[in-house]
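Input: a single structure, listed below in structure tokens.
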Amino acid sequence: MSDTFYITTPIYYVNGTPHIGHAYTTIAADVVAEYMRMTGRPVRFLTGTDEHGQKVLEAAAKRGMTPKAHCDDMVVRWKAMMERLQIRYDRFIRTTDADHESVVTAVLQKLWDADEIYKATYTGWYSTSAERFWTEKDLVDGKCPDTGQPVTEITETNYFFRMGKYGEQLMAHIEANPDCIQPSSRRNEVLGFLRKGLGDLCISRPKSRMSWGIEMPFDPDYVTYVWFDALLNYMTGTGYHPESPAEGWDSWWPASAHLIGKDILTTHAVYWTTMLMAMGQPLPQTIYAHGWWIAGDGQKMSKSLGNTIEVDLLVECFGLDATRYFFLREIAFGADGTFSYEGFLSRYNVDLANDLGNLAHRGLSMTTKWLGGTVPPSSAPTDAEVALQALAASTVQTFDASMKGLQFHKALVAVSDLVGAGNKYVDAQEPWSLNREGKTERLQTVKRHVLELCYLAATLLLPVMPNKAAELLSKLGRTPDDARDSLRALLASGGSSALDGLVEGTAVTVGDPLFPRFREMPEPIAALFAAPEEEAPAEPQLSKRQLKKLKRQKKKAPPAPPERIEYADFAKVALKVGRVLEAEAHPDASKLLVLKVDVGEESPRQIVAGIRARFEPGDLIGRSVVVVANLAPAMLRGVESQGMLLAAGGTEVLDLVSVDAPPGEVVR
RNA sequence: GCCUAGGUAGCUCAGCUGGUUAGAGCACUCGGUUCAUACCCGGGUUGUCGGCGGUUCGAGUCCGCCCCUAGGCACCA
């Protein structure tokens, strides 16, 4: 059994912009990696960038650069993010790294030789804009359902990975290993997915269509599908290679944990694990899919700076350590969380300033004031000290178990509980009374315990808040290395040596409070909220998903009309005033209303309009509208529409065009 | 309409495989203390655990139906 700990983040898409989601995953990985290092386990922590694929190719072309040069340029921002967050990765892998390309090539060849990959021809509708195939029935009016762009029918030959044959085996594995996909709700999700049946996976792209990728070793006309390429980074990161593996690579494999966002669960839990099965490699111990940060009500952000604003702004205002603490403490890893600046401020003030920071400060200042500023000796523990010692020991146990289970939230609550007990202890022992009454020995014992408790808290928090914890250690006359030694000793002793890590007689320093309290929201954040609506139209902070949706909506928006048309073109459109007589919901579509509109003809027109999001049927009856009267009728989800209504609003309908004129009147 | 998550104190959320009077933090309030960053400690208030049925000796916890919210998918001439 290997004692090593190998943890990964997803490799991030190099074209993208680092945002809160990336920061979150990476901080979590960094914290657990650092904790494992502290406990003495050999650790490898891998992160990096995903650099192949169509969009990179296009972006590079737009800039007149080679794809690689473009990536070299883009990767800087990712490395900068890592630096800002003080991420202590062991390797930053890029899918364009030579060793990775070599691994991918060799793995493909091996799988090809083993008949795990086959060649097949099929016909489908390809959308260049969406980079994917659609079946006939997916298409909307013969166009790409995602982007609305034209599609072309392509008969194509590609290479397929025999993923389907591993479906049963994978289900059995997941059922036999409850921890292999976490949290458990995600595990059920994957099982549900597998029960529907697993097909084979297309893993190539013809170069004629897309050339930026790793060439298929057995066919120079193709490159590797980006996911197949990208997932293998986890193996490259160990030193694995089918032909020439680095010595000891298998001490790192299987990975202890792949941390991922819940959006890429299937690729990891299904594609990646079946790939490993085909490769004959053991499967990762845990794939942990965490949740998203959702913007709370009333959140605003700068429009131009995108989502990066959140993390950078938090770091700027509250410091990196507090930011790292907040992410891991505020919500359970795995669940979605609501983010608000007020919540952050409250968490900071309560946990860090009032409780932890203040405990340290009061402990240190009393020691300085009454005991000469050195770590005092302890003598004759009373029940209070015994109880504190027991709590300290159990805190270490809880913290360790929680960190191992990636339950950061629980680990940090345990520290908070310890700090709370420390504050309570001080109040109960009343060291100020002891000092007044000249009970020096007892005072020394109490102060020693308070300082020891701070030392333990700093020790446990070191992986989470490297700077602040080191600062606190320094105030106590200790170093991070001392803390690491202490932690190992604590774990070895089951926590019984807790509260015995300081050296009597060592000088302590009070200095400034560790976490200054914020009376009000820091200016740069407050400014976000104070900005006048007109000048900086506030946009809600968006989650990754919401952004995705927005992006798609933008793509779906009808293409801008030609800049200029002739009068003759306009004259082709017959616009008439209409009056809505009846309105009801479409029986089979939630966004559509079916209207009867009088346009001055013998019988009213039936018009189907996509305005349900804005109007209830009753809102419209009697309303005068403008109708495009000579539009060819169309069937909309089974109901005929004999015209359309003029409406204001781009992607979202804001209002209908109204006029004060009788039905049937021409609009020109 | 379909698919996923959820709906527990004013707010943010814990409540694992069903078991004593349903919890925490924040907020609020009363009291204590004064070493400390107007901080800390103690007490207190608030809940038809979304609704209705069901299984059970017993359900926030399991089952069914329904309602609502957030995402995703379809539809938006």
Side-chain angles (χ1 to χ4, degrees), chain A residues 137-138 140-141 145-146 148 184-186 188-189 192-193 262-263 291-292 294 296-297 329-332 335-340 342-343 345-347 349-370 409-410 413 416-417 419-420 422-436 443 446-447 450 510 512-519 543-546 548-549 552-553 556-558 586-593 607-614 628 631-639 641-647 651-653:
Chain A
K137 71 176 168 75
D138 288 331
V140 177
D141 280 346
D146 261 13
S184 60
S185 55
R186 299 292 161 205
N188 293 335
E189 208 173 294
F193 178 84
K262 61 185 183 180
D263 56 333
W292 304 134
I294 310 290
D297 286 342
R329 166 59 233 264
E330 189 69 0
I331 58 167
D336 285 345
T338 311
F339 177 87
S340 74
E342 286 78 7
L345 184 71
S346 168
R347 179 63 68 197
N349 277 336
V350 172
D351 287 7
L352 300 180
N354 293 353
D355 290 353
L356 174 62
N358 188 49
L359 177 66
H361 202 249
R362 64 200 300 214
L364 288 164
S365 64
M366 278 186 272
T367 304
T368 302
K369 215 178 287 184
W370 303 330
H409 158 259
K410 283 186 185 167
V413 168
S416 279
D417 289 347
V419 169
N423 275 316
K424 199 174 293 188
Y425 172 75
V426 172
D427 279 37
Q429 300 308 315
E430 300 185 26
W432 47 91
S433 303
L434 297 172
N435 177 59
R436 207 182 305 125
L443 175 64
V446 171
K447 289 331 297 172
V450 172
V510 184
D512 293 330
L514 211 49
F515 298 97
R517 189 172 215 277
F518 285 88
R519 290 265 143 245
S543 69
K544 200 171 173 183
R545 279 191 175 191
Q546 288 170 320
K548 252 167 76 182
K549 187 184 169 193
R552 197 173 305 141
Q553 279 176 344
K556 274 187 184 176
H586 190 292
D588 195 28
S590 57
K591 288 192 182 174
L592 305 183
L593 290 181
I607 294 177
V608 179
I611 53 175
R612 182 80 195 276
R614 180 72 195 181
V628 181
L631 191 67
M635 293 298 286
L636 292 185
R637 237 174 142 79
V639 176
S641 181
Q642 304 157 327
M644 67 177 277
L645 305 183
L646 294 194
T651 54
E652 240 170 68
V653 173

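Numbers restart at 1 for each chain; the letters A, B, ... are given by sequence-line order, proteins then strands.
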For [N] and [M], measure between their [atom1] atoms and round to the nearest Å.
N: B/rC49; M: B/rC13; atom1: C1'; answer: 13 Å
N: B/rU46; M: B/rA24; atom1: P; answer: 13 Å
N: B/rC41; M: B/rU34; atom1: P; answer: 16 Å
N: B/rG1; M: B/rU8; atom1: C1'; answer: 30 Å
N: B/rG60; M: B/rG6; atom1: C1'; answer: 14 Å

I'd like a table of atom pairs between the protein and nucleotides 24-26 of chain B - only N or O on both sides, under 3.5 Å - with the distance next to each one.
none

Let's test your reading of the pairing rules: Watson-Crick or G-U wobble, both distances under 3.5 Å, then write RNA chain B as a dot-bracket string with ( ), [ ], | and dots.
(((((((..((((.....[...)))).(((((.......))))).....(((((..]....))))))))))))....
On the nucleotide B/rC40, are OP1 or OP2 found under 4.0 Å from the side-chain N or O atoms that A/Asn354 carries?
yes
A/Ala609 vs A/Gly420, nearer the 5' end of RNA chain B by closest nucleotide
A/Gly420
Walking RNA chain B from its 5' end, the first of A/Asn349 and A/Pro513 to be reached, judged by nearest nucleotide, is A/Pro513
Pairwise salt bridge (Lys or Arg N to Asp or Glu O under 4.0 Å) hits with a residue in residues 423-433 of chain A, at least two apart
A/Arg362-A/Asp427
Nearest-nucleotide pick for A/Arg436, side chain only, options being B/rU34, B/rC41, B/rU37:
B/rU34
Of the candidates B/rC40, B/rC39, B/rG42, the side chain of A/Asn423 sits closest to B/rC40
Could you tell me the separation between the CG atom of A/Leu352 and the P atom of B/rC39, rounded to a whole number of Å?
15 Å
Heavy-atom neighbours of A/Asp512 CG exceed 12 at 6.0 Å
no
Say whether, by atom type as modelled, one donor and one acceptor occur between the side chain of A/Ser346 and the main chain of A/Glu342 under 3.5 angstrom.
no
